[in-house]
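To start, the structure under review is shown below, and the notes come after it.
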Amino acid sequence: MSKLSFEFPDGNQKEFDAGVSVEDIAKSISVSLAKKAVAGKVDGELVDVFAPLQKGGKIEIITSESEEGLQVLRQSAAQLLETVAKKQFHDIKIGEISADEDGFYVDTDKAERQVSADELDELANQMKRIIKNDASVKRVYLSKDEALKEVDGDPYQAKIISEIDSDNILFYDIAGVLTLAQGVVAPSLKNIKHFKLLSVAGAYWEGKSSNPMLQRIYGTAFYKEAELEADLKARQEAKERDHRVIGNNLDLFFVDPKVGAGLPYWMPNGATIRRTIERYITDKELANGYQHVYTPVLANLDLYKQSGHWDHYREDMFPPMEMDDDEMLELRPMNCPSHIQIYKHHIRSYRELPLRIAELGMMHRYEKSGALSGLQRVREMTLNDGHTFVAPDQIQDEFKKILKLMMDVYDDFDIDNYTFRLSYRDPKNTEKYFDDDEMWNKAQSMLKGAMDELGLDYVEAEGEAAFYGPKLDVQTKTALGNEETLSTIQLDFMLPERFDLHYVGEDGKEHRPVMIHRGIVSTMERFTAYLIEMYKGAFPTWLAPKQVEIIPVSDEKYGDYARKLNEKLSAIKIRSHVDDRSEKMGYLIRDAQTHKVPYTIVVGENEVKNNTVSVRKYGEDNSRDMSIDEFVMEILKDISSYSRDANKEKESVDKVR
RNA sequence: GCUGAUUUAGCUUAGUUGGUAGAGCAUCGGCAUCGUAAACCGAAGGUCGGAGGUUCGACUCCUCUAAUCAGCACCA
């Protein structure tokens with residue numbers, strides 16, 4: 001029998017006979033380790049404890065303590081859920097089942113009616129019964145033919161089996177039911193003590209919308225009760241962070257179904273936040289060499305035919321309006337063609353490059369109804385858009401400049417939880433994109449090269465590019481954990497070609513510029529939603545709709561002092577307000593706190609006498625007495641520094657030089 | 001768009017064997033003028049998302065439709 005060599009995490013090497021299992025290997029170290037082992041990991045791949053190993057490599061024994069141990073627990077729970085689902089519904093079909101850092105899921109398909117949320121409790125009870133009475137898991141290996149026979153009548157399982165590259169297919173026998181292994185299951189189910197079935201939702205088979213939709217059952221599981229409870233609590237808290245909830249509570253925005261889905265209204269409070277962001281980013285861009293413009297939201301459809309949007313982006317566009325004189329007008333889905341018109345309006349010299357055109361450009365996209373979500377996904381949005389026209393040899397430099405600007409802006413907003421994603425076209429589905437292999441390859445490698453040169457980490461994703469070029473996307477997560485793109489920088493060789501753009505070079509000849517599309521603070525809608533969730537509605541002073549709430553202890557006696565103070569603050573553009581409603585002071589303070597006003601000022605007898613204010617900052621329990629001038633100094637400094645800690649400044653900007 | 005669920009006063013929500021709706025907060029009116037998270041009393045406010053149907057009678061049952069939510073697919 002041949003020998004296999006294994007290397008342990010501590011560097012030790014050991015040899016075993018081929019066909020040895022992880023359990024055997026663990027036993028050779030210690031019996032207690034073998035007992036604790038829930039799986040093994042060979043060369044980075046999880047394996048069942050009992051699986052006969054056919055090749056050696058780096059080996060790790062997985063116990064409940066590790067990340068992978070948790071994954072095994074969840075996979076076990078998923079496989080158990082599959083078992084009870086099969087017992088409960090004899091005609092059920094099973095699609096993909098999976099476990100990850102968020103929990104686990106099992107895809108099901110039932111002829112009559114899909115599994116409903118009401119049935120989750122019953123399924124969970126049956127899972128518990130098996131864990132209690134019959135927790136052992138037997139391994140059964142079937143040949144491919146036997147396996148296909150076993151899952152007869154279930155096309156999804158048959159498809160999965162047919163794609164397995166082996167004639168030795170592992171099934172788990174749980175309580176007398178065979179389930180195809182779609183991951184690694186622990187030796188026993190007795191560790192599944194703390195789990196919860198969370199919800200059901202549709203999910204396309206194999207993730208393709210052309211395929212039938214299955215019913216996905218979501219759940220989660222932990223080794224420790226405290227961890228499960230913490231997780232459930234975190235899910236609850238995520239809902240409290242939801243920008244739609246906060247937006248309603250703080251009266252920031254709303255969507256009226258009678259007016260239209262995905263068409264948000266900004267209430268004065270939300271509008272103030274948006275206006276502050278807009279002023280900030282406009283000033284920032286003007287200071288960085290951008291020229292701000294205004295261009296029409298409507299244009300002749302021909303413009304979007306020439307740009308390629310009509311061919312490649314029509315699904316996301318509103319249908320054109322046919323006018324009396326047969327002209328077709330289109331609501332723009334993107335601003336790039338508009339800025340191209342600005343570029344083309346004059347003959348451009350190489351001396352003007354890079355030419356940076358920016359606009360808070362309103363666009364309309366016909367988003368699928370199911371995609372709409374508060375301010376995160378809407379049908380009318382205003383993008384912090386910018387297009388730089390550069391000579392080919394300026395691409396790298398301009399890319400870096402944009403990235404530096406972006407990180408500078410992120411610092412001002414305290415955004416530090418994001419990842420870079422290089423988004424390429426899908427090589428298998430090229431008809432979605434402009435057809436020019438050479439340009440795609442060039443643009444993609446240029447982007448990658450720039451990122452590598454800057455030494456920044458990124459992930460690469462095929463099929464995420466814009467139809468006209470590859471992009472660098474900045475990916476963030478919403479409160480509910482969904483990934484979304486915030487900022488983006490896109491390289492475009494196509495539109496300059498399509499619109500026959502040129503500039504006059506030093507040599508007096510015409511040259512083709514390259515376009516860089518970029519959005520720094522995303523759309524006003526999405527960015528505001530992101531900030532609401534990030535700050536949990538407690539906006540830093542410079543962004544807060546109301547910065548100061550002044551509360552007189554008694555309106556009759558101290559109201560005048562409060563109003564005079566308010567005038568003084570308002571005169572220097574501090575967003576201040578006197579709450580002179582005839583309510584008890586405690587009530588007014590509570591109101592200011594629940595609305596997360598950064599500064600609450602109480603004025604009464606002492607303050608009037610000493611010409612001072614009693615200041616309570618949001619998040620602090622104690623109030624401080626200070627003179628009015630001291631307070632003005634403090635809040636002005638707070639606003640001008642974007643409410644940042646002085647020592648935190650400029651850290652990430654330095655990363656991009 | 002798809003699967004499932006939901007839709008009751010401005011907001012949050014109660015209301016199952018079908019007999020035309022209760023509450024808290026907010027609002028308004030009184031009363032109180034009060035030192036750091038909700039004083040007290042009273043009033044007004046909904047025909048139960050919309051349309052159609054079954055029924056003597058529907059918020060409660062059925063059909064269609066719209067929107068919202070979870071997720072999938074799609075995306076700033």
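Quantities reported herein were computed from a predicted structural model and do not represent experimental measurements.
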Exercise. NA contact type, A:Lys239, heavy-atom cut-off 4.0 Å: base, sugar-phosphate, or nothing?
Worked result: nothing
Exercise. Checking all strands, does A:Ser369 fall into the base, sugar-phosphate, or nothing category for heavy-atom contacts under 4.0 angstrom?
Worked result: base
Exercise. Just checking A:Gly519: base, sugar-phosphate only, or nothing, at a heavy-atom cut-off of under 4.0 Å?
Worked result: nothing
Seminar exercise, completed: Residues at least two apart in sequence or cross-chain that pass side chain to side chain contact (heavy atoms under 4.5 Å, CB included) with A:Asp242, listed by chain then number, are A:Arg244, A:Val245, A:Leu480, A:Glu533
Problem set entry | Ion pair A:Glu285/A:Arg356, N-O distance below 4.0 Å | no
For this session: Quick one: label A:Thr600 by what it contacts on the DNA or RNA (base, sugar-phosphate, nothing), any heavy atom closer than 4.0 Å.
Result: nothing
Exercise. What nucleic acid atoms does A:Glu315 come within less than 4.0 Å of, heavy atoms only: base, sugar-phosphate, or nothing?
Worked result: nothing
Problem set entry | Charged N-O contact under 4.0 Å between A:Glu367 and A:Arg377 | yes
For this session: Describe the nucleic acid contact of A:Arg365 in one word from base, sugar-phosphate, nothing, applying a heavy-atom distance below 4.0 Å.
Result: base
Problem set entry | Sub-4.5 Å side-chain heavy-atom contact between A:Val521 and A:Glu278 | no
For this session: Select base, sugar-phosphate, or nothing to describe what A:Leu588 touches, counting heavy atoms under 4.0 Å on all strands.
Result: nothing
For this session: Working to the nearest 0.5 Å, report the span between CH2 of A:Trp440 and OH of A:Tyr468.
Result: 9.5 Å
For this session: Would you mind classifying the nucleic acid contact of A:Lys110 as base, sugar-phosphate or nothing, using non-hydrogen atoms under 4.0 angstrom?
Result: nothing
Exercise. Where the side chain of A:Asn566 meets the backbone of A:His577, is there a donor-acceptor pair that is under 3.5 Å apart?
Worked result: yes
Problem set entry | Exceeds 12 heavy-atom contacts within 6.0 angstrom, atom CG of A:Asn125 | yes
For this session: Pick base, sugar-phosphate or nothing for A:Ala371, based on heavy-atom distances below 4.0 Å to the nucleic acid.
Result: base
For this session: For A:Leu198, report the nucleic acid contact type (base, sugar-phosphate, nothing); a contact means any heavy atom under 4.0 Å.
Result: nothing
Exercise. Quick one: do the A:Thr430 and A:Arg425 side chains pair a donor with an acceptor below 3.5 Å?
Worked result: no
Exercise. Base, sugar-phosphate, or nothing: which does A:Glu525 touch, judged by heavy atoms less than 4.0 Å apart?
Worked result: nothing
Exercise. With A:Trp310, which residues qualify under ring-ring contact (aromatic ring centres under 6.0 Å, His included), at least two apart?
Worked result: none
For this session: May I ask you to list the residues of residues 544-558 of chain A, by number, that have any heavy atom positioned under 4.0 Å from an atom of RNA chain B?
Result: A:Val553, A:Ser554, A:Asp555, A:Glu556, A:Lys557
For this session: Treating a pair as Watson-Crick (purine N1 to pyrimidine N3 plus N6-O4 or O6-N4) or G-U wobble (N1-O2 and O6-N3) with both distances under 3.5 Å, list the stems of 3 or more consecutive pairs that involve RNA chain B.
Result: B:1-7 with B:66-72, B:10-13 with B:22-25, B:27-30 with B:40-43, B:49-53 with B:61-65
Exercise. Taking for each residue the nucleotide of RNA chain B bearing the nearest heavy atom, is the 5' side occupied by A:Asn482 or by A:Asn606?
Worked result: A:Asn606
Exercise. Between which nucleotides of RNA chain B, read 5' to 3', does contact with chain A run, using atoms under 4.0 Å from its heavy atoms?
Worked result: B:rG1 to B:rA76
Problem set entry | A:Arg563 and A:Asp580 ion-paired at < 4.0 Å | yes
For this session: For residues 237-264 of chain A, pull every pair meeting ring pair (Phe, Tyr, Trp, His ring centres under 6.0 Å), keeping only residues two or more places apart or in separate chains.
Result: A:His243-A:Phe253, A:Phe254-A:Tyr265
